[in-house]
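To start, the structure itself, in structure tokens.
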2 protein chains.
Amino acid sequence: MKLPETSEWVLHAAAVIAQLPSGATVSAAQLSEHFGVPGPYLSKQLAKLVRSGILTGSTGPRGGFRLARIPERISILDLVAAVDGAADPYVCRELRQQGRGAARPEDCTQPCALAAVMRDAHEAWRESLSAVSLADIVAGLPAGVVDKNRRLLG
Amino acid sequence: MKLPETSEWVLHAAAVIAQLPSGATVSAAQLSEHFGVPGPYLSKQLAKLVRSGILTGSTGPRGGFRLARIPERISILDLVAAVDGAADPYVCRELRQQGRGAARPEDCTQPCALAAVMRDAHEAWRESLSAVSLADIVAGLPAGVVDKNRRLLG
DNA sequence: GGCGTTATACTCGGATACCACGTGTCCGAGTACCCCCGG
DNA sequence: CCGGGGGTACTCGGACACGTGGTATCCGAGTATAACGCC
């Protein structure tokens with residue numbers, strides 16, 4: 001079980017975008033330079049955030065990305081789910097009802113206990129990620145980093 | 001982010017093995033018939049459980065697998081970690097210190113806040129899985145399933 | 001009849017191909033800006 | 001000097017190859033069993 005490496009890119013990129021002055025935008029090329037990652041591939045990931053309604057993208061000169069809503073209402077879970085999908089990593093294929101030892105349907109009125117445990121764990125993971133907003137991340141950045149970003153974005 | 005499909009196999013197989021009479025064993029071939037999954041591949045996964053110290057495997061006729069310790073002391077996390085590894089799905093590559101906008105080392109005295117959030121979420125997932133033991137799963141099985149397994153294992 | 005030896009059949013364990021998803025790249029459609037020209 | 005039109009350059013968005021890890025399979029090493037022959 002592993003998240004795409006681009007998850008980290010998207011999280012850091014969103015943190016930078018959140019520091020933009022109101023109305024300003026930043027391009028994928030600028031961000032790729034900022035982080036030292038492949039530009040076109042980063043652009044591909046940011047497009048996912050646009051499709052998820054987290055960012056809005058504008059084309060043309062002075063175009064780029066900006067947040068679609070205030071950072072207080074963007075959770076880390078929103079970002080991770082946008083780039084990786086919201087599906088549960090464990091999928092129950094009803095193994096108990098297959099093969100020679102298949103359980104009879106009348107014994108399967110309750111959902112599979114193992115699937116329930118895995119689902120609860122995933123829910124705990126989601127809760128933990130949704131408890132932190134992008135604004136919380138930005139608020140915790142060291143002053144030096146904020147200054148550096150301000151210079152980039154200004 | 002997704003778990004190997006074999007995670008489900010291992011969880012169900014462990015639940016069956018936990019119902020074995022004391023001292024008895026069950027072979028990978030029996031289990032693969034029971035669940036309708038490829039035998040050699042299942043054997044490969046069970047070998048991981050042996051390496052993790054959850055099962056013990058004996059060769060020869062009447063050989064097979066049995067639990068290495070009581071099911072109360074085997075958590076779902078133990079099983080999942082054995083088959084998928086215990087690594088955090090999110091790996092922090094210190095993106096903040098790379099590229100043109102790299103933060104200075106003196107601004108990175110604190111660990112990356114994003115990595116910390118992801119780590120906490122993973123820890124919540126692990127806690128949730130470690131709270132349930134194999135004995136809990138077996139105790140919750142319907143009576144019909146237990147009977148069916150008893151007939152298989154007896 | 002009891003015991004040692006041998007042959008056997010069955011088990012796990014690791015080494016070997018195949019395939020899908022993430023990774024990396026490219027090019028095209030669309031748009032706001034800027035310059036130029038005319039009034 | 002001011003307004004309109006066209007060209008331009010820049011942006012995002014989706015379509016196209018490549019590599020790594022999961023999936024599936026096989027065969028070999030090792031061992032408890034069972035039969036067999038001998039004492």
Side-chain angles (χ1 to χ4, degrees), chain A residues 1-10 13 17 20 23-33 35-68 80-85 87 89-91 93 95, chain B residues 1-10 13 17 20 23-33 35-68 80-85 87 89-91 93 95:
Chain A
M1 184 173 60
K2 69 177 181 53
L3 282 167
E5 187 179 344
T6 53
S7 307
E8 188 182 10
W9 304 1
V10 162
I17 296 173
L20 281 171
T25 62
V26 62
S27 72
Q30 283 177 295
L31 289 169
S32 75
E33 275 280 330
F35 293 120
V37 300
Y41 192 28
L42 175 61
S43 178
K44 184 186 183 67
Q45 306 306 323
L46 295 176
K48 290 183 183 177
L49 298 189
V50 172
R51 275 194 292 273
S52 299
I54 297 170
L55 300 182
T56 57
S58 45
T59 66
R62 298 278 300 164
F65 296 96
R66 62 179 178 82
L67 295 186
V80 172
V83 72
D84 184 58
Y90 180 87
V91 287
R93 302 190 190 278
L95 202 61
Chain B
M1 183 173 59
K2 71 178 180 51
L3 283 167
E5 187 179 344
T6 53
S7 307
E8 188 181 10
W9 305 2
V10 163
I17 296 172
L20 281 172
T25 62
V26 62
S27 72
Q30 284 177 293
L31 289 169
S32 75
E33 275 281 329
F35 292 120
V37 301
Y41 191 29
L42 175 62
S43 177
K44 184 186 183 65
Q45 306 307 321
L46 295 177
K48 290 184 183 176
L49 297 189
V50 173
R51 275 194 293 273
S52 300
I54 299 170
L55 300 182
T56 57
S58 46
T59 65
R62 299 276 302 165
F65 297 97
R66 63 180 177 83
L67 295 185
V80 172
V83 71
D84 185 56
Y90 180 87
V91 287
R93 303 190 189 279
L95 202 61

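A note on names: the letters A, B, ... follow the listed sequences, proteins ahead of strands, and every chain is numbered from 1.
The nearest whole Å value for the distance from the CG atom in A:Leu42 to the C1' atom in D:dG14 is 16 Å. Atom CG in A:Asp84 sits roughly 14 Å away from atom C1' in C:dT23 (whole-Å rounding). When rounded to the nearest whole Å, the span between CG of B:Leu49 and C1' of C:dC12 equals 13 Å. Per the geometry, OH belonging to B:Tyr41 stands 15 Å off C1' belonging to C:dA15, to the nearest Å. In this structure, B:Arg62 atom CZ and C:dA9 atom C1' are separated by 15 Å, rounded to whole Å. In this structure, B:Met1 atom CE and D:dG22 atom C1' are separated by 17 Å, rounded to whole Å. The interatomic distance linking B:Lys44 (NZ) with D:dG22 (C1') rounds to 10 Å, in whole Å. A:Leu46 places its CG atom 14 Å from the P atom of D:dT11, with the value rounded to the nearest Å.
Within 4.0 Å of B:Pro61, counting heavy atoms only, lies at least one base atom of the nucleic acid. As judged by a 4.0 angstrom heavy-atom cut-off over every strand, B:Ala28 is placed among residues touching the sugar-phosphate backbone only. If you check every strand for non-hydrogen atoms under 4.0 Å, A:Pro4 touches sugar and phosphate atoms only. Among the atoms of the strands shown, only primed sugar atoms or phosphate atoms (P, OP1, OP2) are found under 4.0 Å from some heavy atom of A:Ser58.
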**OP:** Walk me through it: do B:Leu31 and B:Leu46 pass the test side chain to side chain contact (heavy atoms under 4.5 Å, CB included)?
**Re:** CA-CA 10 Å; B:Leu31 289 169; B:Leu46 295 177; 3.9 Å; yes
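From B:Arg62, atom CZ reaches atom OG of B:Ser27 across 11.0 Å, with rounding to the nearest 0.5 Å. Summarising the geometry, atom CZ belonging to A:Phe65 is positioned 12.5 Å from atom CD1 belonging to A:Ile54; distances are rounded to the nearest 0.5 Å.
Using a 4.5 Å heavy-atom cutoff, the side chains of B:Leu67 and B:Leu20 are not in contact.
Judged by closest nucleotide on DNA chain C, B:Phe65 is the one of B:Phe65 and A:Pro38 placed further toward the 5' end. Two residues, A:Leu3 and B:Gly63, neighbour DNA chain C, and the one matched to the more 5' nucleotide by heavy-atom proximity is B:Gly63.
The side chain of A:Thr59 approaches D:dC12 more closely than any other nucleotide in the set C:dC12, D:dC26, D:dC12.
Side-chain atoms of B:Asp84 come within 3.5 Å of backbone N or O of A:Met1 as a donor-acceptor pair.
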